[in-house]
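What follows is a single structure, written as structure tokens, with notes after it.
All of these numbers come straight from a predicted model, not from anything done at the bench. Excluded from the calculations below are hydrogen atoms, water molecules and symmetry mates; all remaining heavy atoms, backbone and side chain alike, are included.
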Amino acid sequence: MSALPALGAPTSQPVTPDRDSSTAQNGVALMRIVVPDKSGVDKLDAMGVDLAEYSKPVDNGIEVHAVLSPDETENLRDQGFDVQSPISDQGDYNANMRARSQAVAIEAADAAEADTLTPLRAEWFTSLNDQRFLSVEVKSSATDAQTVLTASWDSGKGTEPGSGGTATMSRFTDAGEYMYHRFSAPLAITEAPATVTVTSSRGGTITVPVTKWLGDPVKAPSPNYVSDFVDHYMDPTEVTDRVVGLAKEFPDISEIINLPYKTNGYRRQAQAQFGTGSGTALASTFYVTSKAYGSEGGNDLSITLKDPGANNAPLSVAVNGKEFVVNLATDASGAITSTAGQVVNAINANAVVSTLVTASLYRTSNGTGVVAAAPATPLTDGLKAPASVSREPFQMKAIRIGKHRDGSKTGVFLYCQEHAREWVTPITCVETAERLLRNYARDANTKKLVNDLDIFIIPTMNPDGAHYSMYDYNMQRKNMVNYCAADNSDPARRNSWGVDLNRNFSVGSGFDGYTGGSTSCTGETYSGPSELSEPETRNEVWLANNFKNIKFAMNTHSYGGYFMWPPGAYKSAGREVLPRTDMGTENYFWNASTHILSAVQDWRGTGIQPGRTGPVVDVLYSAAGNSADEFWYNNGIIGWDFEVGTDLYDPATKKYNAVGFQPPFSEGHEEAMEFSNGQIGILDVARAYDKDHQQPTSKLAVTNASATSTTFTFTVDEPANIYYTLDGSRPTMNSPKLAAAGMREGAEKITVHKNTVVQWFSMDLAGNYERNYKPDGNGKNYNKQNVTVGRMN
């Protein structure tokens with residue numbers, strides 16, 4: 001590894017994104033960088049490098065990933081950074097888009113008419129004590145994930161259809177491709193059926209005979225549970241339409257909440273640039289920006305720089321409808337003499353033209369260079385999304401799922417895609433919503449979750465940026481709002497505009513001096529002009545504040561396979577971390593992770609590494625102004641952060657390979673499925689919290705004794721906080737609280753130097769007090785134990 005410059009010193013060479021807005025996108029790729037330690041990561045962040053939310057220890061330091069153009073890569077290498085091979089580039093993006101287009105085209109064709117069902121197999125067999133099982137496989141001509149097949153069978157020859165039972169079939173895919181529908185496992189039945197009828201939500205139906213087959217015993221899961229409802233990456237318009245359709249289909253257990261703040265919209269001002277902006281041409285380069293959005297008239301404008309073909313012609317601006325003609329000045333020989341600065345001033349001084357456009361010098365140009373004539377050049381917003389993507393402010397929506405949506409049930413808030421380029425996350429939230437609604441009438445556990453919880457799901461928190469990521473610049477992280485001044489607002493900067501929504505919240509923010517949020521309008525972690533400046537983040541806060549029953553939240557990001565919780569930010573000086581959660585809450589986070597991550601692993605065996613589980617600041621980096629901190633510190637909401645897409649282990653090379661933001665859909669699909677499992681696991685945890693009426697039990701344990709002191713701690717049978725006194729006073733909620741000894745070190749140990757009466761009680765997160773003790777009362781049913789110096793009692 002190359003020697004790095006003094007990492008502790010402030011950088012004098014910031015990395016400014018220089019990303020061409022053409023289709024080629026200037027060769028931007030997701031690159032590996034290895035630095036010696038976290039100070040190297042902090043330096044990269046301070047330099048404005050577009051870092052992914054990913055890091056891992058390697059033999060010679062820490063590997064992080066960054067979105068870099070070739071120029072940015074060379075710049076970092078020149079400064080001594082070890083920039084290694086790419087993880088993904090535009091070729092991978094193009095392959096994803098081709099696959100997506102094919103899937104969307106097939107889905108549109110399928111939706112136009114009733115599907116045709118083709119039976120593949122329909123068999124019954126016996127296993128273990130002559131228990132009978134049924135297995136059916138049917139293929140639908142409609143390959144989209146919204147098609148639901150239901151099987152009904154009789155109880156034998158001559159019996160009524162459906163008398164044997166009914167079950168929903170699961171959609172089976174392999175490598176991202178639809179294969180057929182089946183039961184997730186053979187169904188246990190009482191009588192051997194003669195026929196089975198399969199009906200489709202698209203209108204297709206077929207009845208086939210059931211034959212006997214001898215097979216190996218299979219342990220069947222819940223026979224009615226259905227999953228796998230996504231078959232391509234989806235843009236925010238598709239995602240939102242999907243959840244709106246679900247709410248219409250299941251009105252008794254779901255509804256749509258229109259969030260109060262509309263986004264700025266998938267729209268930009270139209271622009272045109274004159275001059276190349278490089279080398280000696282910098283001084284003669286300028287650009288023009290429409291005052292209206294491109295979709296609202298800006299794209300209809302054009303500007304011509306005209307050589308008048310005459311001697312001693314003056315500089316003037318003429319208006320011909322929506323075409324503006326700048327007649328350039330000439331000298332006595334007819335040579336053009338107008339400079340960029342003069343042309344900019346002339347355009348801005350024209351009473352008509354200046355109401356429609358603004359002219360600006362290019363970046364650091366002094367405007368002294370003579371401009372060249374140019375034919376009519378149309379202004380354009382450069383946006384490439386199809387007409388199906390509205391350019392208007394986006395109405396963000398949450399789908400609320402629950403049998404009792406009146407605030408009486410424990411609320412859970414699941415939200416995805418704060419960062420636009422993380423394409424797996426919205427389909428994860430969609431998959432979870434589909435599973436909850438479609439399994440409600442079929443699966444007992446799902447019914448309990450929906451009956452006992454109040455579930456809020458926002459599948460795309462960054463619709464504008466996500467549309468831009470899918471259609472214009474796939475590595476877009478932020479939203480699309482441009483807060484830059486003229487020196488950073490030329491067309492070539494358009495891929496660097498926007499606010500990082502997960503740095504725009506009000507707790508531990510960059511505005512409070514915390515690390516991990518940029519103040520540069522082109523920085524990839526730009527925190528915005530102020531806390532909560534963006535409608536997207538205000539919508540999140542509004543939901544948490546308006547529905548006080550929300551006690552749990554999950555923010556789903558990608559990639560790296562992390563499971564994290566607050567605190568998520570620190571100040572670099574002295575590594576001043578936001579207040580850590582108390583011991584009981586920390587243990588609750590850890591205890592819950594066992595169930596949630598087991599659910600993730602259950603899909604395909606993916607195991608989240610212990611080193612990537614824990615508080616954000618311990619396992620990743622400082623993320624100033626993130627949403628999980630907002631909800632925990634301001635609302636007391638127990639919030640987690642998923643980073644889907646764990647590294648994949650290659651047994652041939654014995655190395656872990658990162659998956660990136662937009663893996664091939666075959667991998668993205670698997671990530672969505674397994675982390676939807678995890679979101680369902682969070683709902684299990686929330687329901688257990690809602691039903692928890694068991695009192696905790698705690699004990700005092702002496703760990704060490706000497707002639708002059710004794711050391712002890714407490715243990716408790718579930719995650720709970722211990723409140724204790726050493727002065728003989730009655731313990732209350734204001735008494736000292738047992739703290740953690742350190743990161744992942746367990747409970748602190750308390751040392752006394754004289755014989756001491758220790759009095760304490762415990763309280764779990766659900767509010768259950770040990771022995772039903774009332775700390776604000778006068779009861780004495782707290783725990784009490786004598787600790788004697790020199791004795792291991």
**Prompt:** Got His419 and Asp500 here, is their nearest side-chain heavy-atom distance under 4.5 Å?
**Reply:** yes

**Asked** For residues 581-640, which residue pairs qualify under disulfide (SG to SG under 2.5 Å), counting only residues two or more places apart or in two chains?
**Response** none

**Item:** Note: Glu238-Arg242 ion pair, threshold 4.0 Å (strictly below)
**Value:** no

**Message:** As a quick check of understanding, evaluate salt bridge (Lys or Arg N to Asp or Glu O under 4.0 Å) for Arg604 and Glu667, giving each step before the final call.
**Reply:** CA-CA 11 Å; Arg604 60 168 176 172; Glu667 167 61 23; 2.9 Å; yes

For residues 619-627, which side-chain N or O atoms pair as donor and acceptor with protein atoms under 3.5 Å away, sequence neighbours left out?
from   : atom 1 : to     : atom 2 : distance (Å)
Ser622 : OG     : Thr515 : O      : 2.5
Ser622 : OG     : Tyr570 : N      : 2.9
Ser622 : OG     : Tyr570 : O      : 3.2
Asn626 : OD1    : Ala628 : N      : 3.1
Asn626 : OD1    : Asp629 : N      : 3.0
Asn626 : ND2    : Ala623 : O      : 2.8
Asn626 : ND2    : Asp629 : OD2    : 2.9
Ser627 : OG     : Tyr415 : OH     : 2.8
Ser627 : OG     : Glu418 : OE2    : 3.1
Ser627 : OG     : Asn502 : OD1    : 3.3
Ser627 : OG     : Asn555 : ND2    : 3.1

**Geometric cation-pi criterion Arg400 and Phe456, 6.0 Å radius, 45° cone** = no

**Message:** If we count only N and O atoms by modelled type, under 3.5 Å, do the side chains of Thr410 and Asp690 hold a donor and an acceptor together?
**Reply:** yes

**Asked** So, Ser469 side chain and Ala466 main chain: donor-acceptor pair closer than 3.5 Å or not?
**Response** no

**Item:** Heavy-atom closest pair, residues Cys429 and Ile458
**Value:** SG-O, 4.1 Å

**Asked** Pick one: which of Phe761, Tyr773, Tyr724 meets ring-ring contact (aromatic ring centres under 6.0 Å, His included) with Tyr782?
**Response** Tyr773

**Lys/Arg cation over aromatic Tyr723: Lys737, 6.0 Å, 45° cone** = no

**Message:** Ignoring hydrogens and geometry beyond distance, is a side-chain donor-acceptor pair present between Thr460 and Gln417 at under 3.5 Å?
**Reply:** yes

**Prompt:** Does a donor on one side chain sit under 3.5 Å from an acceptor on the other, for Thr581 and Trp565?
**Reply:** no

**Message:** Go through it in stages, so that I can follow the logic: the residues are His557 and Val644, the test is side-chain contact (heavy atoms from CB on, under 4.5 Å), and I'd like the CA-CA distance, side-chain angles, deciding distance and then a yes or no.
**Reply:** CA-CA 6 Å; His557 283 265; Val644 310; over 6 Å; no

**Message:** Can you confirm whether the side chains of Asn721 and Asp582 place a donor and an acceptor under 3.5 Å from each other?
**Reply:** yes

**Message:** Does Glu748, at its CD atom, have more than 12 non-hydrogen atoms belonging to other residues, nucleotides or ligands within less than 6.0 Å?
**Reply:** yes

